[in-house]
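Here the structure is laid out as structure tokens; the discussion comes afterwards.
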Amino acid sequence: MLDIGCGGGILSEPLARLGAEMVGADPSEDNQCRGQRACRRRVDVVVDYRATTAEDLAAANERFDVVLAMEVVEHVG
């Protein structure tokens, strides 16, 4: 499952705890660092955080069963 624009992992981490195989993508390196630090503190949370864009993932032919863009909407405007 891909959480595009994941920020610090506010949605990715709970989904990972529920058993989802998560990739959290955000173009901001700062957000990725914050998310990775939070995950390291919790042994039950594994999120593959990546500092990248949707366009880069598509260009690399990455495929996901589910794509979420929940945190993107609240930051656009």
Atom pair CD/CZ of E21 and F64 - distance to nearest 0.5 Å: 10.0 Å
Reported SG-to-CG distance for the pair C6 and L68, which is rounded to 0.5 angstrom: 11.0 Å
Heavy-atom neighbours of E62 CD exceed 12 at 6.0 Å: yes
Value rounded to 0.5 Å, distance of CD1 in I4 from CZ in R50: 10.0 Å
Backbone N/O of G7 and side chain of D26: donor-acceptor pair under 3.5 Å: yes
Cluster link L15 to I10, ILVMFWY, side chain under 4.5 Å: no
Within one Ile-Leu-Val-Met-Phe-Trp-Tyr cluster: M70 and V47, side-chain cutoff 4.5 Å: yes
Straight-line distance of L11 CG to M1 CE, nearest 0.5 Å: 8.5 Å
Nearest heavy-atom neighbours spanning S12 and Y49: CB-OH, 4.4 Å
